2 protein chains.
Amino acid sequence: MMREPLHPEEMQTDGTGFLPSLAIDTVIFGFHEGQLKILLLEYTNTNLLALPGGFIQETENLNDAARRVLAERTSLQGIYLEQFYTFGDLDRYDPTPLRAIMSAHGLNYSDHHWLLRRFVSVGYYALVDFTKAIPVPDLLADRCDWYDLANLPPLMQDHQKIVQKALDTLRLELDRKLIGFNLLSETFTMADLQRLYETILDQKLHRSGFQRKMLSLGILERLDKQYSGGAHKAPYLYRFASDKKPV
Amino acid sequence: MMREPLHPEEMQTDGTGFLPSLAIDTVIFGFHEGQLKILLLEYTNTNLLALPGGFIQETENLNDAARRVLAERTSLQGIYLEQFYTFGDLDRYDPTPLRAIMSAHGLNYSDHHWLLRRFVSVGYYALVDFTKAIPVPDLLADRCDWYDLANLPPLMQDHQKIVQKALDTLRLELDRKLIGFNLLSETFTMADLQRLYETILDQKLHRSGFQRKMLSLGILERLDKQYSGGAHKAPYLYRFASDKKPV
DNA sequence: TATTATTGTCACAATTTGTTACAATAATAA
DNA sequence: TTATTATTGTAACAAATTGTGACAATAATA
(Lines give C-alpha, C1' and ligand atoms only; values in the text may rest on other atoms or scores of the structure.)
Protein backbone atom coordinates (compact mmCIF):
# COMPACT_ATOMS: atom_id res chain seq x y z
CA MET A 1 0.00 0.00 0.00
CA MET A 2 1.34 3.37 -0.89
CA ARG A 3 0.63 6.43 1.05
CA GLU A 4 -0.18 10.06 0.92
CA PRO A 5 0.86 12.81 1.24
CA LEU A 6 3.80 12.00 -0.93
CA HIS A 7 6.24 14.63 -0.01
CA PRO A 8 9.04 14.80 -2.56
CA GLU A 9 11.64 14.29 0.11
CA GLU A 10 9.90 11.06 0.95
CA MET A 11 9.80 9.92 -2.63
CA GLN A 12 13.40 10.60 -3.44
CA THR A 13 15.03 9.07 -0.43
CA ASP A 14 15.22 5.42 0.44
CA GLY A 15 12.77 5.93 3.29
CA THR A 16 15.47 6.60 5.86
CA GLY A 17 14.07 8.37 8.88
CA PHE A 18 10.64 6.81 8.56
CA LEU A 19 9.28 3.56 9.94
CA PRO A 20 9.05 1.18 7.00
CA SER A 21 5.83 -0.65 6.12
CA LEU A 22 3.74 1.65 8.23
CA ALA A 23 1.58 4.59 7.23
CA ILE A 24 -1.18 6.80 8.57
CA ASP A 25 -4.48 7.69 6.93
CA THR A 26 -6.72 10.38 8.33
CA VAL A 27 -10.43 10.83 7.73
CA ILE A 28 -11.01 14.51 8.44
CA PHE A 29 -14.67 15.27 9.05
CA GLY A 30 -16.29 18.65 8.67
CA PHE A 31 -19.91 19.79 8.67
CA HIS A 32 -21.29 22.52 6.45
CA GLU A 33 -24.75 23.40 5.19
CA GLY A 34 -26.31 20.26 6.54
CA GLN A 35 -23.72 17.98 4.98
CA LEU A 36 -20.95 15.86 6.46
CA LYS A 37 -17.79 16.36 4.50
CA ILE A 38 -14.30 14.87 4.41
CA LEU A 39 -11.02 16.19 3.08
CA LEU A 40 -9.59 14.50 -0.02
CA LEU A 41 -6.45 15.04 -2.06
CA GLU A 42 -6.42 14.98 -5.84
CA TYR A 43 -3.13 14.14 -7.50
CA THR A 44 -1.70 15.92 -10.47
CA ASN A 45 -2.29 14.33 -13.87
CA THR A 46 -4.16 11.44 -12.40
CA ASN A 47 -7.78 11.01 -11.51
CA LEU A 48 -6.94 9.68 -8.12
CA LEU A 49 -8.59 10.91 -4.96
CA ALA A 50 -7.10 9.84 -1.68
CA LEU A 51 -7.28 10.41 2.04
CA PRO A 52 -4.62 12.65 3.53
CA GLY A 53 -1.92 10.47 4.97
CA GLY A 54 1.71 10.26 5.84
CA PHE A 55 4.46 8.32 7.48
CA ILE A 56 5.86 8.00 10.97
CA GLN A 57 9.25 9.45 11.72
CA GLU A 58 11.61 7.23 13.65
CA THR A 59 11.80 9.80 16.42
CA GLU A 60 8.09 10.47 16.67
CA ASN A 61 5.19 8.91 18.58
CA LEU A 62 2.56 7.30 16.35
CA ASN A 63 -0.17 9.61 17.63
CA ASP A 64 2.08 12.64 17.18
CA ALA A 65 2.65 11.65 13.57
CA ALA A 66 -1.10 11.63 13.04
CA ARG A 67 -1.31 15.03 14.69
CA ARG A 68 1.42 16.35 12.40
CA VAL A 69 -0.29 15.04 9.27
CA LEU A 70 -3.53 16.64 10.39
CA ALA A 71 -1.87 19.97 11.05
CA GLU A 72 -0.13 19.91 7.67
CA ARG A 73 -3.44 19.32 5.94
CA THR A 74 -5.75 21.67 7.82
CA SER A 75 -3.42 24.29 9.30
CA LEU A 76 -5.16 23.65 12.61
CA GLN A 77 -3.67 22.69 15.95
CA GLY A 78 -5.32 20.98 18.88
CA ILE A 79 -7.94 19.17 16.82
CA TYR A 80 -10.04 16.29 18.04
CA LEU A 81 -8.27 13.17 16.79
CA GLU A 82 -8.94 9.49 17.43
CA GLN A 83 -7.26 6.36 16.23
CA PHE A 84 -9.96 3.93 15.10
CA TYR A 85 -8.54 0.96 13.21
CA THR A 86 -5.41 -0.41 11.59
CA PHE A 87 -5.77 -1.70 8.05
CA GLY A 88 -3.44 -4.49 7.05
CA ASP A 89 -5.04 -6.62 4.36
CA LEU A 90 -2.78 -7.89 1.62
CA ASP A 91 -5.09 -6.65 -1.08
CA ARG A 92 -4.27 -3.11 -0.01
CA TYR A 93 -0.97 -3.71 -1.75
CA ASP A 94 -1.29 -2.45 -5.31
CA PRO A 95 1.55 -0.26 -6.53
CA THR A 96 -0.26 0.77 -9.72
CA PRO A 97 -1.80 4.05 -8.56
CA LEU A 98 1.37 5.14 -6.83
CA ARG A 99 3.43 4.43 -9.95
CA ALA A 100 1.02 6.66 -11.85
CA ILE A 101 1.49 9.46 -9.37
CA MET A 102 5.25 9.14 -9.42
CA SER A 103 5.33 9.03 -13.19
CA ALA A 104 3.12 12.07 -13.42
CA HIS A 105 5.77 13.94 -11.52
CA GLY A 106 8.60 12.68 -13.66
CA LEU A 107 10.19 10.93 -10.73
CA ASN A 108 12.57 8.07 -11.20
CA TYR A 109 11.79 4.94 -9.33
CA SER A 110 12.63 1.28 -9.41
CA ASP A 111 10.26 -1.57 -8.66
CA HIS A 112 11.98 -1.83 -5.30
CA HIS A 113 11.30 1.74 -4.29
CA TRP A 114 10.30 1.68 -0.65
CA LEU A 115 7.01 3.39 -1.39
CA LEU A 116 6.01 0.54 -3.68
CA ARG A 117 6.19 -2.06 -0.94
CA ARG A 118 3.27 -3.27 1.10
CA PHE A 119 2.09 -0.86 3.81
CA VAL A 120 -0.07 -1.31 6.86
CA SER A 121 -1.99 1.86 7.66
CA VAL A 122 -3.22 3.18 10.98
CA GLY A 123 -6.54 4.98 10.56
CA TYR A 124 -7.39 8.16 12.46
CA TYR A 125 -10.46 10.31 12.28
CA ALA A 126 -10.46 14.02 13.04
CA LEU A 127 -13.29 16.44 13.72
CA VAL A 128 -12.75 20.03 12.67
CA ASP A 129 -14.67 23.27 12.56
CA PHE A 130 -15.33 23.57 8.85
CA THR A 131 -15.18 27.34 8.94
CA LYS A 132 -11.70 27.37 10.44
CA ALA A 133 -9.92 24.60 8.57
CA ILE A 134 -7.91 25.71 5.57
CA PRO A 135 -7.20 22.76 3.30
CA VAL A 136 -3.58 22.67 2.10
CA PRO A 137 -2.60 20.42 -0.82
CA ASP A 138 0.80 18.81 -0.51
CA LEU A 139 3.40 19.26 -3.20
CA LEU A 140 2.31 16.31 -5.29
CA ALA A 141 -1.39 17.02 -5.14
CA ASP A 142 -3.33 19.46 -7.26
CA ARG A 143 -5.97 20.11 -4.76
CA CYS A 144 -7.08 19.41 -1.24
CA ASP A 145 -10.81 19.94 -0.94
CA TRP A 146 -13.92 19.05 0.97
CA TYR A 147 -16.22 16.41 -0.52
CA ASP A 148 -19.73 15.48 0.52
CA LEU A 149 -19.64 12.20 2.39
CA ALA A 150 -23.07 11.37 0.99
CA ASN A 151 -21.78 11.61 -2.56
CA LEU A 152 -18.15 10.51 -2.60
CA PRO A 153 -16.27 9.98 -5.85
CA PRO A 154 -14.26 6.75 -6.22
CA LEU A 155 -11.23 6.72 -3.96
CA MET A 156 -7.77 5.26 -4.30
CA GLN A 157 -7.28 1.70 -3.09
CA ASP A 158 -9.21 0.78 0.05
CA HIS A 159 -9.85 4.34 1.15
CA GLN A 160 -13.59 3.93 0.69
CA LYS A 161 -13.51 1.15 3.24
CA ILE A 162 -11.46 3.28 5.62
CA VAL A 163 -13.99 6.10 5.37
CA GLN A 164 -16.85 3.71 6.06
CA LYS A 165 -15.14 2.32 9.15
CA ALA A 166 -14.44 5.84 10.37
CA LEU A 167 -18.10 6.75 9.96
CA ASP A 168 -19.21 3.59 11.77
CA THR A 169 -16.92 4.49 14.65
CA LEU A 170 -18.17 8.06 14.67
CA ARG A 171 -21.76 6.86 15.05
CA LEU A 172 -20.91 4.43 17.81
CA GLU A 173 -19.05 7.05 19.80
CA LEU A 174 -21.37 9.95 19.09
CA ASP A 175 -22.90 10.06 22.53
CA ARG A 176 -20.06 8.63 24.53
CA LYS A 177 -17.46 11.14 23.39
CA LEU A 178 -19.42 14.35 22.79
CA ILE A 179 -18.28 14.27 19.23
CA GLY A 180 -20.86 16.67 17.91
CA PHE A 181 -19.47 19.78 19.47
CA ASN A 182 -16.14 19.44 17.70
CA LEU A 183 -17.79 19.74 14.32
CA LEU A 184 -19.63 22.99 15.04
CA SER A 185 -18.37 26.51 15.38
CA GLU A 186 -17.80 28.04 18.79
CA THR A 187 -21.47 28.89 19.26
CA PHE A 188 -24.50 27.16 17.80
CA THR A 189 -28.22 26.81 18.21
CA MET A 190 -30.00 23.70 19.36
CA ALA A 191 -31.31 23.29 15.83
CA ASP A 192 -27.74 23.36 14.48
CA LEU A 193 -26.76 20.62 16.88
CA GLN A 194 -29.79 18.54 16.04
CA ARG A 195 -29.18 18.83 12.31
CA LEU A 196 -25.64 17.59 12.86
CA TYR A 197 -26.78 14.59 14.88
CA GLU A 198 -29.41 13.76 12.30
CA THR A 199 -26.86 13.92 9.52
CA ILE A 200 -24.33 11.72 11.29
CA LEU A 201 -26.91 9.13 12.31
CA ASP A 202 -28.86 9.48 9.08
CA GLN A 203 -32.16 9.53 10.92
CA LYS A 204 -34.69 12.06 12.16
CA LEU A 205 -34.72 12.86 15.86
CA HIS A 206 -37.55 14.32 17.90
CA ARG A 207 -36.92 17.97 18.60
CA SER A 208 -38.31 17.95 22.12
CA GLY A 209 -36.49 14.87 23.30
CA PHE A 210 -33.27 15.96 21.67
CA GLN A 211 -33.29 19.31 23.42
CA ARG A 212 -34.06 17.71 26.76
CA LYS A 213 -31.26 15.18 26.36
CA MET A 214 -28.64 17.72 25.31
CA LEU A 215 -29.49 20.08 28.14
CA SER A 216 -29.46 17.24 30.65
CA LEU A 217 -25.83 16.55 29.79
CA GLY A 218 -24.96 19.65 31.74
CA ILE A 219 -22.19 20.71 29.38
CA LEU A 220 -23.96 23.45 27.45
CA GLU A 221 -23.70 27.07 28.42
CA ARG A 222 -26.57 29.24 27.23
CA LEU A 223 -25.59 32.55 25.69
CA ASP A 224 -27.55 35.38 24.07
CA LYS A 225 -30.33 34.89 21.59
CA GLN A 226 -29.56 34.74 17.91
CA TYR A 227 -31.67 37.19 15.90
CA SER A 228 -31.57 35.58 12.50
CA GLY A 229 -34.05 37.82 10.73
CA GLY A 230 -36.61 35.05 10.36
CA ALA A 231 -40.25 35.55 11.19
CA HIS A 232 -40.13 33.48 14.32
CA LYS A 233 -38.89 33.28 17.87
CA ALA A 234 -35.13 33.71 18.14
CA PRO A 235 -33.24 30.66 19.38
CA TYR A 236 -30.63 30.77 22.10
CA LEU A 237 -27.01 30.27 21.19
CA TYR A 238 -25.07 27.67 23.16
CA ARG A 239 -21.44 27.04 23.80
CA PHE A 240 -19.70 23.87 24.86
CA ALA A 241 -18.64 24.52 28.45
CA SER A 242 -15.40 22.59 28.78
CA ASP A 243 -15.25 23.19 32.51
CA LYS A 244 -18.45 21.23 32.86
CA LYS A 245 -17.18 18.34 30.80
CA PRO A 246 -17.64 15.08 32.67
CA VAL A 247 -14.58 12.96 33.41
CA MET B 1 9.87 -2.43 20.86
CA MET B 2 10.73 -6.06 20.76
CA ARG B 3 8.16 -8.75 20.41
CA GLU B 4 7.08 -12.16 21.46
CA PRO B 5 6.94 -14.99 20.66
CA LEU B 6 10.53 -14.99 19.63
CA HIS B 7 10.81 -17.96 17.39
CA PRO B 8 14.41 -18.88 16.82
CA GLU B 9 14.00 -18.60 13.09
CA GLU B 10 12.92 -15.02 13.64
CA MET B 11 15.88 -14.23 15.83
CA GLN B 12 18.54 -15.65 13.60
CA THR B 13 17.45 -14.17 10.34
CA ASP B 14 17.60 -10.55 9.31
CA GLY B 15 13.84 -10.31 9.50
CA THR B 16 13.29 -11.25 5.87
CA GLY B 17 9.76 -12.39 5.25
CA PHE B 18 8.27 -10.24 7.97
CA LEU B 19 7.02 -6.69 7.87
CA PRO B 20 9.63 -4.58 9.65
CA SER B 21 8.75 -2.25 12.52
CA LEU B 22 5.41 -3.88 13.06
CA ALA B 23 4.33 -6.44 15.63
CA ILE B 24 1.20 -7.93 17.16
CA ASP B 25 0.34 -8.31 20.82
CA THR B 26 -2.61 -10.38 21.95
CA VAL B 27 -4.46 -10.17 25.24
CA ILE B 28 -6.08 -13.58 25.60
CA PHE B 29 -8.87 -13.56 28.13
CA GLY B 30 -10.25 -16.58 29.94
CA PHE B 31 -12.63 -16.98 32.87
CA HIS B 32 -12.27 -19.59 35.58
CA GLU B 33 -13.53 -19.90 39.13
CA GLY B 34 -14.89 -16.41 39.19
CA GLN B 35 -11.67 -14.81 37.96
CA LEU B 36 -10.76 -13.16 34.68
CA LYS B 37 -7.42 -14.46 33.50
CA ILE B 38 -4.98 -13.70 30.70
CA LEU B 39 -2.24 -15.75 29.09
CA LEU B 40 1.35 -14.66 29.76
CA LEU B 41 4.72 -16.01 28.63
CA GLU B 42 7.67 -16.32 30.95
CA TYR B 43 11.10 -16.29 29.35
CA THR B 44 13.93 -18.59 30.25
CA ASN B 45 16.52 -17.27 32.67
CA THR B 46 14.84 -13.93 32.93
CA ASN B 47 12.08 -12.71 35.15
CA LEU B 48 10.17 -11.23 32.27
CA LEU B 49 6.49 -11.82 31.71
CA ALA B 50 5.02 -10.76 28.41
CA LEU B 51 1.92 -10.91 26.28
CA PRO B 52 1.90 -13.47 23.49
CA GLY B 53 2.85 -11.74 20.30
CA GLY B 54 4.37 -12.13 16.92
CA PHE B 55 5.13 -10.62 13.58
CA ILE B 56 3.31 -10.24 10.30
CA GLN B 57 4.48 -12.25 7.33
CA GLU B 58 4.82 -10.35 4.10
CA THR B 59 2.26 -12.64 2.48
CA GLU B 60 -0.28 -12.56 5.28
CA ASN B 61 -3.17 -10.30 6.20
CA LEU B 62 -2.70 -8.43 9.46
CA ASN B 63 -5.78 -10.03 11.00
CA ASP B 64 -4.68 -13.46 9.83
CA ALA B 65 -1.34 -12.94 11.53
CA ALA B 66 -3.17 -12.24 14.77
CA ARG B 67 -5.23 -15.37 14.23
CA ARG B 68 -2.09 -17.40 13.65
CA VAL B 69 -0.42 -16.09 16.80
CA LEU B 70 -3.52 -16.92 18.77
CA ALA B 71 -3.71 -20.44 17.38
CA GLU B 72 -0.03 -21.03 18.12
CA ARG B 73 -0.54 -19.96 21.71
CA THR B 74 -3.83 -21.63 22.57
CA SER B 75 -4.11 -24.50 20.10
CA LEU B 76 -7.60 -23.22 19.32
CA GLN B 77 -9.11 -22.25 16.00
CA GLY B 78 -12.05 -20.01 15.29
CA ILE B 79 -11.67 -17.92 18.43
CA TYR B 80 -13.32 -14.57 19.02
CA LEU B 81 -10.66 -11.99 18.15
CA GLU B 82 -10.86 -8.20 17.94
CA GLN B 83 -8.30 -5.58 17.08
CA PHE B 84 -8.56 -2.81 19.66
CA TYR B 85 -5.65 -0.35 19.46
CA THR B 86 -2.26 0.23 17.90
CA PHE B 87 0.53 1.21 20.25
CA GLY B 88 3.23 3.39 18.81
CA ASP B 89 4.79 5.51 21.52
CA LEU B 90 8.52 6.04 21.34
CA ASP B 91 8.99 5.01 24.94
CA ARG B 92 7.99 1.49 23.95
CA TYR B 93 11.45 1.29 22.41
CA ASP B 94 13.75 -0.22 24.99
CA PRO B 95 15.97 -3.04 23.78
CA THR B 96 17.18 -4.01 27.25
CA PRO B 97 14.71 -6.80 28.02
CA LEU B 98 15.05 -8.32 24.58
CA ARG B 99 18.83 -8.32 24.87
CA ALA B 100 18.45 -10.21 28.12
CA ILE B 101 16.25 -12.80 26.48
CA MET B 102 18.60 -13.23 23.55
CA SER B 103 21.61 -13.50 25.83
CA ALA B 104 19.84 -16.07 27.96
CA HIS B 105 19.59 -18.24 24.88
CA GLY B 106 23.21 -17.74 23.92
CA LEU B 107 22.22 -16.07 20.69
CA ASN B 108 24.56 -13.79 18.87
CA TYR B 109 23.26 -10.41 18.01
CA SER B 110 24.52 -6.99 17.07
CA ASP B 111 23.09 -3.69 18.19
CA HIS B 112 21.54 -3.43 14.76
CA HIS B 113 19.65 -6.68 14.97
CA TRP B 114 16.23 -6.05 13.48
CA LEU B 115 14.51 -7.14 16.66
CA LEU B 116 16.25 -4.40 18.59
CA ARG B 117 14.73 -1.62 16.52
CA ARG B 118 11.63 0.31 17.39
CA PHE B 119 8.35 -1.55 16.86
CA VAL B 120 4.78 -0.40 16.61
CA SER B 121 2.41 -3.04 17.89
CA VAL B 122 -1.18 -3.77 16.91
CA GLY B 123 -3.18 -4.93 19.92
CA TYR B 124 -5.79 -7.69 19.69
CA TYR B 125 -7.90 -9.22 22.38
CA ALA B 126 -9.23 -12.76 22.27
CA LEU B 127 -11.92 -14.51 24.27
CA VAL B 128 -11.48 -18.22 24.84
CA ASP B 129 -13.21 -21.01 26.71
CA PHE B 130 -10.76 -21.54 29.56
CA THR B 131 -11.50 -25.24 29.73
CA LYS B 132 -10.56 -25.79 26.09
CA ALA B 133 -7.50 -23.59 25.62
CA ILE B 134 -4.19 -25.40 26.03
CA PRO B 135 -1.41 -22.86 26.59
CA VAL B 136 1.71 -23.61 24.50
CA PRO B 137 5.00 -21.89 25.36
CA ASP B 138 7.11 -20.96 22.37
CA LEU B 139 10.68 -22.17 22.09
CA LEU B 140 12.21 -19.24 23.94
CA ALA B 141 9.75 -19.21 26.79
CA ASP B 142 9.75 -21.44 29.82
CA ARG B 143 6.09 -21.29 30.40
CA CYS B 144 2.82 -20.06 29.02
CA ASP B 145 0.27 -19.81 31.78
CA TRP B 146 -2.91 -18.16 32.94
CA TYR B 147 -2.61 -15.29 35.40
CA ASP B 148 -5.34 -13.60 37.39
CA LEU B 149 -6.09 -10.25 35.87
CA ALA B 150 -6.89 -8.90 39.31
CA ASN B 151 -3.40 -9.72 40.54
CA LEU B 152 -0.99 -9.38 37.64
CA PRO B 153 2.76 -9.52 38.16
CA PRO B 154 4.89 -6.80 36.53
CA LEU B 155 4.94 -7.13 32.76
CA MET B 156 7.55 -6.38 30.15
CA GLN B 157 7.60 -2.91 28.67
CA ASP B 158 4.17 -1.32 28.12
CA HIS B 159 2.27 -4.57 28.27
CA GLN B 160 0.48 -3.49 31.43
CA LYS B 161 -0.91 -0.55 29.52
CA ILE B 162 -1.97 -2.79 26.65
CA VAL B 163 -3.83 -5.08 29.03
CA GLN B 164 -5.61 -2.13 30.61
CA LYS B 165 -6.72 -0.80 27.24
CA ALA B 166 -7.94 -4.25 26.26
CA LEU B 167 -9.98 -4.47 29.44
CA ASP B 168 -11.43 -1.00 28.89
CA THR B 169 -12.49 -2.03 25.39
CA LEU B 170 -13.95 -5.28 26.69
CA ARG B 171 -16.13 -3.37 29.13
CA LEU B 172 -17.31 -0.90 26.53
CA GLU B 173 -18.26 -3.62 24.09
CA LEU B 174 -19.65 -6.07 26.62
CA ASP B 175 -23.27 -5.55 25.66
CA ARG B 176 -22.82 -4.53 22.07
CA LYS B 177 -20.90 -7.59 21.01
CA LEU B 178 -22.23 -10.39 23.20
CA ILE B 179 -18.75 -10.88 24.52
CA GLY B 180 -19.76 -12.84 27.57
CA PHE B 181 -20.75 -16.00 25.80
CA ASN B 182 -17.32 -16.49 24.27
CA LEU B 183 -15.74 -16.79 27.70
CA LEU B 184 -18.03 -19.53 28.99
CA SER B 185 -18.24 -23.18 28.13
CA GLU B 186 -20.85 -24.45 25.70
CA THR B 187 -23.59 -24.51 28.32
CA PHE B 188 -23.92 -22.38 31.42
CA THR B 189 -26.41 -21.26 34.02
CA MET B 190 -27.75 -17.76 34.39
CA ALA B 191 -25.72 -17.44 37.58
CA ASP B 192 -22.54 -18.35 35.67
CA LEU B 193 -23.26 -15.65 33.15
CA GLN B 194 -24.02 -13.08 35.82
CA ARG B 195 -20.82 -13.86 37.72
CA LEU B 196 -18.89 -13.30 34.50
CA TYR B 197 -20.54 -9.95 33.84
CA GLU B 198 -19.96 -8.87 37.42
CA THR B 199 -16.31 -9.81 37.19
CA ILE B 200 -15.72 -7.98 33.92
CA LEU B 201 -17.55 -4.87 35.05
CA ASP B 202 -16.28 -5.14 38.61
CA GLN B 203 -19.70 -4.36 40.02
CA LYS B 204 -22.68 -6.19 41.45
CA LEU B 205 -25.72 -6.59 39.23
CA HIS B 206 -29.30 -7.25 40.25
CA ARG B 207 -30.20 -10.86 39.69
CA SER B 208 -33.74 -10.27 38.52
CA GLY B 209 -32.95 -7.50 36.12
CA PHE B 210 -29.96 -9.33 34.74
CA GLN B 211 -32.00 -12.44 33.97
CA ARG B 212 -34.74 -10.40 32.33
CA LYS B 213 -32.24 -8.52 30.18
CA MET B 214 -30.35 -11.60 29.04
CA LEU B 215 -33.54 -13.46 28.15
CA SER B 216 -34.89 -10.44 26.29
CA LEU B 217 -31.89 -10.56 23.96
CA GLY B 218 -33.50 -13.56 22.36
CA ILE B 219 -30.25 -15.38 21.80
CA LEU B 220 -30.35 -17.91 24.61
CA GLU B 221 -31.64 -21.40 24.15
CA ARG B 222 -32.87 -23.06 27.32
CA LEU B 223 -31.75 -26.63 27.82
CA ASP B 224 -32.24 -29.16 30.63
CA LYS B 225 -31.88 -28.36 34.26
CA GLN B 226 -28.57 -28.73 35.98
CA TYR B 227 -28.77 -30.89 39.10
CA SER B 228 -25.77 -29.68 41.00
CA GLY B 229 -26.33 -31.52 44.27
CA GLY B 230 -27.05 -28.34 46.19
CA ALA B 231 -29.99 -28.05 48.52
CA HIS B 232 -31.94 -25.73 46.27
CA LYS B 233 -33.89 -25.47 43.06
CA ALA B 234 -31.89 -26.62 40.04
CA PRO B 235 -31.10 -23.90 37.51
CA TYR B 236 -31.65 -24.25 33.80
CA LEU B 237 -28.68 -24.57 31.52
CA TYR B 238 -28.52 -22.23 28.55
CA ARG B 239 -26.70 -22.25 25.27
CA PHE B 240 -25.86 -19.39 22.97
CA ALA B 241 -28.11 -19.88 19.94
CA SER B 242 -26.04 -18.59 17.06
CA ASP B 243 -28.98 -18.85 14.68
CA LYS B 244 -30.79 -16.30 16.80
CA LYS B 245 -27.86 -13.93 16.85
CA PRO B 246 -28.92 -10.49 15.73
CA VAL B 247 -27.20 -8.92 12.76
C1' DT C 1 -52.27 44.56 14.98
C1' DA C 2 -52.72 39.98 12.82
C1' DT C 3 -49.99 36.35 10.69
C1' DT C 4 -46.24 33.06 10.27
C1' DA C 5 -42.59 30.08 11.55
C1' DT C 6 -39.89 28.51 15.07
C1' DT C 7 -38.58 28.00 19.86
C1' DG C 8 -38.62 26.57 24.90
C1' DT C 9 -40.96 23.85 27.86
C1' DC C 10 -44.49 21.21 29.82
C1' DA C 11 -47.54 17.13 30.12
C1' DC C 12 -48.64 12.71 29.46
C1' DA C 13 -47.81 8.03 27.48
C1' DA C 14 -44.85 4.30 26.53
C1' DT C 15 -40.93 1.87 27.55
C1' DT C 16 -37.09 0.48 30.13
C1' DT C 17 -34.77 -0.32 34.35
C1' DG C 18 -34.48 -0.93 39.51
C1' DT C 19 -36.21 -3.42 43.35
C1' DT C 20 -38.88 -6.39 46.12
C1' DA C 21 -41.58 -10.30 46.77
C1' DC C 22 -42.96 -14.91 46.45
C1' DA C 23 -43.92 -19.45 44.93
C1' DA C 24 -41.30 -23.47 43.08
C1' DT C 25 -37.96 -26.87 43.90
C1' DA C 26 -33.58 -29.92 44.76
C1' DA C 27 -31.07 -31.69 48.42
C1' DT C 28 -30.62 -32.53 53.29
C1' DA C 29 -32.06 -33.13 58.03
C1' DA C 30 -35.52 -34.41 61.27
C1' DT D 1 -42.46 -38.62 55.07
C1' DT D 2 -42.05 -34.10 56.13
C1' DA D 3 -39.75 -29.80 57.46
C1' DT D 4 -35.74 -26.98 56.38
C1' DT D 5 -32.53 -24.55 53.50
C1' DA D 6 -30.69 -22.22 49.65
C1' DT D 7 -31.42 -20.88 45.22
C1' DT D 8 -34.20 -20.16 41.11
C1' DG D 9 -37.80 -18.29 37.85
C1' DT D 10 -40.92 -14.89 37.42
C1' DA D 11 -44.41 -11.65 38.68
C1' DA D 12 -45.41 -7.14 40.55
C1' DC D 13 -44.68 -2.59 41.40
C1' DA D 14 -41.78 1.69 41.52
C1' DA D 15 -38.58 4.74 39.51
C1' DA D 16 -36.35 6.55 35.74
C1' DT D 17 -35.93 7.35 30.96
C1' DT D 18 -37.62 8.13 26.47
C1' DG D 19 -41.30 9.07 22.90
C1' DT D 20 -44.77 12.19 21.41
C1' DG D 21 -47.83 15.87 21.11
C1' DA D 22 -49.39 20.33 22.70
C1' DC D 23 -49.06 25.10 23.72
C1' DA D 24 -47.62 29.58 24.92
C1' DA D 25 -43.83 32.82 23.72
C1' DT D 26 -41.80 35.58 20.30
C1' DA D 27 -39.18 37.76 16.13
C1' DA D 28 -40.09 39.35 11.72
C1' DT D 29 -43.43 40.49 8.21
C1' DA D 30 -47.93 41.70 6.18
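In what follows, chains carry the letters A, B, and so on, assigned in the order in which the sequence lines appear, proteins first and then strands, with residues in each chain numbered from 1. If you're wondering where the values come from, they're calculated on a predicted model, not measured in any experiment.
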Asker: Is there a donor and acceptor pair, one atom on the side chain of B/R207 and one on the base of C/dG18, closer than 3.5 Å?
Answerer: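 There is none.
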
Asker: Using only heavy-atom distances, decide whether a donor-acceptor pair under 3.5 angstrom links the side-chain of B/K233 to the base of C/dT25.
Answerer: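 Result: no qualifying N/O pair found.
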
Asker: With a 3.5 Å cut-off and just heavy-atom distances, do the side chain of A/T189 and the base of C/dT7 make a donor-acceptor pair?
Answerer: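 A donor-acceptor contact between them is absent.
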
Asker: Starting at atom CG of B/L237, determine the distance to atom C1' of D/dG9, rounded to an integer number of angstrom.
Answerer: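 From B/L237 CG to D/dG9 C1': 15 Å.
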
Asker: Just so I know, are the side chains of B/L174 and B/R171 near enough to count as touching, which here means a heavy-atom distance under 4.5 Å?
Answerer: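 B/L174 vs B/R171: side chains apart.
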
Asker: Assign B/G209 to base, sugar-phosphate, or nothing according to its heavy-atom contacts below 4.0 angstrom with the strands shown.
Answerer: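 Here B/G209 touches the bases of the nucleic acid.
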
Asker: With a 3.5 Å distance limit and no angle check, can you tell me whether B/R143 reaches the backbone of B/P137 through a side-chain donor-acceptor pair?
Answerer: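 Side chain of B/R143 to backbone of B/P137: no pair is present.
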
Asker: Roughly, in whole Å, what's the span from OH in B/Y227 to P in C/dA24?
Answerer: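 So the two atoms are 17 Å apart, to the nearest Å.
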
Asker: Rounded to whole angstroms, how far apart are CG on B/L193 and C1' on D/dT8?
Answerer: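 Taking CG of B/L193 and C1' of D/dT8, I get 15 Å after rounding.
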
Asker: Starting at atom NE2 of B/H232, determine the distance to atom P of D/dG9, rounded to an integer number of angstrom.
Answerer: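 To the nearest whole Å, that distance equals 11 Å.
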
Asker: Could you tell me if the side chain of B/F188 sits less than 4.5 Å from the side chain of B/L196, heavy atoms only?
Answerer: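 Side-chain contact under 4.5 Å: no.
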
Asker: Counting only side-chain N and O atoms of B/H206, is one of them less than 4.0 Å from OP1 or OP2 of C/dT19?
Answerer: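 Yes, because at least one side-chain N or O of B/H206 sits under 4.0 Å from OP1 or OP2 of C/dT19.
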
Asker: Between A/F210 and A/Y197, what is the ring plane arrangement, given parallel below 30°, perpendicular above 60°, and tilted in between?
Answerer: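 A/F210 vs A/Y197 ring planes: perpendicular.
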
Asker: Ignoring hydrogens and angles, are the base of D/dA11 and the side chain of B/S208 linked by a donor-acceptor pair under 3.5 Å?
Answerer: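 Such a pair is found, so the answer is yes.
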
Asker: Looking at C/dG18, does its base get a donor-acceptor pair with the side chain of B/R212 below 3.5 Å?
Answerer: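 Per atom types, the contact qualifies.
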
Asker: Measure the distance from CG on B/L205 to P on D/dT8 and round it to the nearest whole Å.
Answerer: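 Taking atom P of D/dT8 as the reference, CG of B/L205 is at 15 Å.
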
Asker: Between atom CD in A/Q194 and atom P in D/dT20, what is the gap in whole Å?
Answerer: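 That distance rounds to 13 Å.
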
